[in-house]
Chemist: 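Below are the structure tokens for one structure; questions will follow.
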Amino acid sequence: MDASEEVAPAVQSILSAARERGGGDERVAVDAESLPAAFADAEADGRVPVIAEVKPTSPTTEGERTDDPVALAEQMVEGGAAALSVLTEPEHFGGSPENLTKIREAVDVPVLRKDFVLREEQLDTVEADVVLLIARFVGDDLADLLAAARDRGFQVLVEVHDRDELTRALDAGAAVVGVNNRDLTKLEVDLATFEEVAPAVPEDVTLIAESGISTPDDVVRMREAGADGLLVGSAIMDGSVRENTESLTRAGSQVEDT
Ligand SMILES: O=C(O)c1ccccc1NCC(=O)[C@H](O)[C@H](O)COP(=O)(O)O
């Protein structure tokens with residue numbers, strides 16, 4: 001699928017860079033930590049299942065966070081994150097596969113590789129517990145890439161933005177679906193996106209709300225709309241990572257406690 005003409009210039013640039021990137025020299029074989037089990041553990045512990053994202057920068061972020069990514073990841077886990085997402089995209093997000101490897105060695109929660117994978121060999125860049133496939137960008141290759149990722153042992157988060165993409169994800173066999181509240185045509189965020197798509201997601205699919213979740217109220221809103229888990233980057237990376245994570249993983253508990 002050539003989506004380059006339909007998306008924001010920053011995303012066109014991200015896709016051009018992704019097309020140029022190669023893959024690993026050898027096929028990876030992953031022994032993955034279960035994401036649904038990590039969500040269940042968080043719930044049992046009274047925490048909202050949050051995937052906290054190590055996101056040094058992005059096209060919509062001012063500046064770059066240059067702290068040690070492993071230290072940031074450990075603070076996220078201390079703050080109650082059920083899982084982590086680690087940017088491996090270098091040109092626009094300041095990430096790297098090396099960051100992911102070091103973080104995965106240091107923590108005991110599942111780690112999602114956040115990147116713009118377009119071709120099978122790019123799955124072999126680095127081991128992770130979960131890999132992201134963006135329905136819009138992989139187009140008709142979604143089912144083949146999903147199978148190729150599972151053959152390597154990855155769990156797969158299939159990202160969608162509307163009900164048509166959700167249908168394609170489900171037809172391809174997605175078991176974990178993320179609804180991205182960020183519209184990649186304009187880079188605008190609207191939490192109503194999740195509320196529109198979520199009712200069409202079957203019960204047995206693990207459903208994740210992605211992007212634009214900033215406050216405990218946003219967490220409660222996404223949970224009420226059906227999110228099993230939340231993927232949060234910017235709001236956690238801005239300031240004290242441990243405190244920010246804690247305030248989101250504890251969202252709603254004050255209401256329940258009273
Ligand atoms: O975050 C961006 O600026 C961005 C720009 C262009 C394409 C993708 C982008 N983000 C990818 C993501 O999926 C987010 O990092 C993730 O959902 C967390 O979002 P947020 O909590 O809003 O940082």
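This is a predicted model, so every value here is computed, not measured. First listed ligand is number 1; within each ligand, the first listed atom is number 1. The basis for the numbers below is simple: all heavy atoms, side chains too, and nothing from hydrogens, waters or symmetry mates.
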Chemist: For ligand 1, which atoms have a heavy atom of Thr60 less than 4.0 angstrom away?
Modeler: 1 (O), 2 (C), 3 (O)

Chemist: Counting only heavy atoms, which portion of Ile236 has something under 4.0 Å from ligand 1: side chain, backbone, both, or neither?
Modeler: neither

Chemist: In Å, rounded to the nearest 0.5 Å, how long is the span from CG of Leu87 to CE of Met237?
Modeler: 9.0 Å

Chemist: Can you list the atoms of ligand 1 that are under 4.0 Å from a heavy atom of Ile14?
Modeler: 6 (C), 7 (C)

Chemist: What are the atoms of ligand 1, with element, lying closer than 4.0 Å to any heavy atom of Val232?
Modeler: 21 (O)

Chemist: Identify the closest protein heavy atom to atom 1 (O) of ligand 1: which residue and atom is it, and at what distance?
Modeler: Lys55 NZ, 2.7 Å

Chemist: If you count the atoms of ligand 1 from 1 in the order shown, which ones are under 4.0 Å from a heavy atom of Gly212?
Modeler: 20 (P), 21 (O), 22 (O)

Chemist: Just to confirm my output: which protein heavy-atom neighbour is closest to atom 18 (C) of ligand 1, and how far is it?
Modeler: Glu53 OE2, 3.5 Å

Chemist: Considering only non-hydrogen protein atoms, determine which one is nearest to atom 7 (C) of ligand 1 and report residue, atom name and distance to 0.1 Å.
Modeler: Leu184 CD2, 3.6 Å

Chemist: For ligand 1, is there an atom lying under 4.0 Å from some heavy atom of Met237?
Modeler: no

Chemist: Side-chain contact, heavy-atom cut-off 4.5 Å: Val131 with Leu157?
Modeler: no

Chemist: Kindly confirm or rule out an N or O of Leu231 lying under 3.5 angstrom from an N or O of ligand 1.
Modeler: no

Chemist: Check the side chains of His92 and Ser58 for a donor-acceptor pair under 3.5 angstrom, ignoring hydrogens and angles.
Modeler: no

Chemist: Go through the steps to decide whether Leu145 and Leu142 satisfy the test side-chain contact (heavy atoms from CB on, under 4.5 Å), and finish with yes or no.
Modeler: CA-CA 5 Å; Leu145 283 171; Leu142 179 58; 5.6 Å; no

Chemist: With the side chain counted from C-beta on, respond yes when Arg65 and Val241 share a heavy-atom pair under 4.5 Å apart, and no when they do not.
Modeler: yes

Chemist: Does a donor on one side chain sit under 3.5 Å from an acceptor on the other, for Asp217 and Thr215?
Modeler: no

Chemist: Below 4.0 angstrom, N of the basic side chain to O of the carboxylate: do Glu53 and Lys114 qualify?
Modeler: yes

Chemist: Thinking salt bridges, do Arg21 and Glu91 make one under a 4.0 Å N-O criterion?
Modeler: yes

Chemist: Please could you name the atoms of ligand 1 that Ser234 approaches to less than 4.0 Å, counting only its heavy atoms?
Modeler: 20 (P), 21 (O), 22 (O), 23 (O)

Chemist: With a heavy-atom distance limit of 4.0 Å, tell me whether His92 approaches ligand 1 through its side chain, its backbone, both, or neither.
Modeler: neither

Chemist: For ligand 1, note which part of Val189 has a heavy atom under 4.0 Å away: side chain, backbone, both or neither.
Modeler: neither

Chemist: List the closest protein heavy-atom neighbour of atom 21 (O) of ligand 1: residue, atom name, distance to the nearest 0.1 Å.
Modeler: Gly233 N, 2.8 Å

Chemist: Test your reading of the structure: does Phe116 have an N or O sitting under 3.5 Å from an N or O of ligand 1?
Modeler: no

Chemist: Apply side-chain contact (heavy atoms from CB on, under 4.5 Å) to the pair Leu230 and Val48, showing each step before the final yes or no.
Modeler: CA-CA 8 Å; Leu230 310 163; Val48 176; 3.7 Å; yes

Chemist: State if Ile213 counts as touching ligand 1 under the rule of any non-hydrogen atom under 4.0 Å.
Modeler: no

Chemist: Charged N to carboxylate O under 4.0 angstrom, Glu43 versus Arg223?
Modeler: yes

Chemist: Can you tell me the protein heavy atom closest to atom 11 (C) of ligand 1 and the distance?
Modeler: Lys114 NZ, 3.8 Å

Chemist: When you measure from atom 17 (O) of ligand 1 to every protein heavy atom, which one gives the shortest distance, and what is it?
Modeler: Ser211 OG, 2.7 Å

Chemist: Does Pro59 have a heavy atom less than 4.0 Å from any atom of ligand 1?
Modeler: yes

Chemist: Determine whether any heavy atom of Ala235 lies closer than 4.0 Å to an atom of ligand 1.
Modeler: no

Chemist: Is there side-chain contact between Val232 and Val219, with heavy atoms separated by less than 4.5 Å?
Modeler: no

Chemist: Between Glu127 and Arg104, does any NZ, NE, NH1 or NH2 come within less than 4.0 Å of an OD or OE carboxylate oxygen?
Modeler: yes

Chemist: Counting C-beta onward and ignoring hydrogens, is there a side-chain heavy-atom pair between Arg113 and Val130 closer than 4.5 Å?
Modeler: no

Chemist: How long is the gap from OG1 on Thr61 to CG on Asp238, to the nearest 0.5 Å?
Modeler: 9.0 Å

Chemist: Please list the nearest protein heavy atom to atom 10 (N) of ligand 1 with its residue and the distance rounded to 0.1 Å.
Modeler: Arg182 NH1, 3.5 Å

Chemist: Numbering the atoms of ligand 1 from 1, which are under 4.0 Å from a heavy atom of Ser58?
Modeler: 1 (O), 2 (C), 3 (O)

Chemist: For ligand 1, is any non-hydrogen atom under 4.0 Å from Leu187's backbone (N, CA, C, O), its side chain (CB onward), both, or neither?
Modeler: side chain

